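Comments concern the structure below.
For the single chain, residues carry numbers from 1 onward in sequence order. Computed from a prediction, not measured in an experiment: that's the story for all the values here.
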Amino acid sequence: MIAEFRTSRERYLNDDSFDKLIEDLKGTSADFTRMWQYHEVPSTLDGYKRLLHPTFGVIEFEHVTLQSPNEPDQRIMIYMPHLTTKSRLEHYFTSSHT
């Protein structure tokens, strides 16, 4: 996420509110400060998410981000569950609605 934020930052170099937000984040998060220094930028809009959900446990998704060339700040992310996640979710919703 920080790498994506860095990419967004590059489009608004003259926007002082970005500088203020970055400084605020550095002041409140050592993790943000550490990761901001890596200067990473995303190489693709596709990715992987692994989450710890309180009901389902670990769930995993691949995602694709669709981005308009004319409006780079507007994105749609499509999440596709891995097979085990899909199976767990289907079982939960099927059994809870019968």
Would Tyr92 and Thr55 satisfy side-chain contact (heavy atoms from CB on, under 4.5 Å), going step by step from the backbone distance to the final call? CA-CA 10 Å; Tyr92 176 82; Thr55 301; 4.2 Å; yes
Walk me through whether Lys20 and Glu23 qualify under salt bridge (Lys or Arg N to Asp or Glu O under 4.0 Å). CA-CA 5 Å; Lys20 170 94 170 85; Glu23 291 308 310; over 6 Å; no
Report the distance from atom NE2 of His53 to atom CG of Leu89, rounding to the nearest 0.5 Å. 8.5 Å
So, Thr28 side chain and Asp24 main chain: donor-acceptor pair closer than 3.5 Å or not? yes
Spell out, as yes or no, whether a donor-acceptor pair under 3.5 Å connects the side chain of Thr65 to the backbone of Met77. no
Contacts of Tyr79 meeting ring pair (Phe, Tyr, Trp, His ring centres under 6.0 Å) (sequence neighbours excluded), chain-then-number -> His63
Who pairs with Glu62 by side chain to side chain donor-acceptor pair (under 3.5 Å), at least two apart in sequence or on another chain? His82
Measuring from atom NZ of Lys86 to atom CD1 of Ile59, what distance do you get when rounded to the nearest 0.5 angstrom? 15.0 Å
Just jot down the ring pair (Phe, Tyr, Trp, His ring centres under 6.0 Å) partners of Phe61, sequence neighbours excluded, or say none. none
Would one find more than 12 heavy atoms of other residues, nucleotides or ligands at under 6.0 Å from atom CG of Leu13? yes
Considering all heavy atoms of both residues, which atom of Phe32 and which atom of Ile22 are nearest to each other, and what is their separation? CE2-O, 3.8 Å
Count I, L, V, M, F, W, Y as connected when their side-chain heavy atoms are under 4.5 Å apart, and connections chain through other members. Are Leu51 and Phe93 then in the same cluster? yes
What one should report as the nearest heavy-atom pair of Gly57 and Arg88 is C-NH1, 4.2 Å
State yes or no: do Leu66 and Met80 share one hydrophobic cluster built from I, L, V, M, F, W and Y residues joined by side-chain heavy-atom distances below 4.5 Å, directly or via other members? yes
Restricting to non-hydrogen atoms, name the atom on Glu60 and the atom on Val58 that form the minimum distance, rounded to 0.1 Å. CG-CG1, 4.3 Å
Checking side-chain polar atoms at under 3.5 Å, does Asp31 have a donor or acceptor matched by the opposite partner on Ser29? no
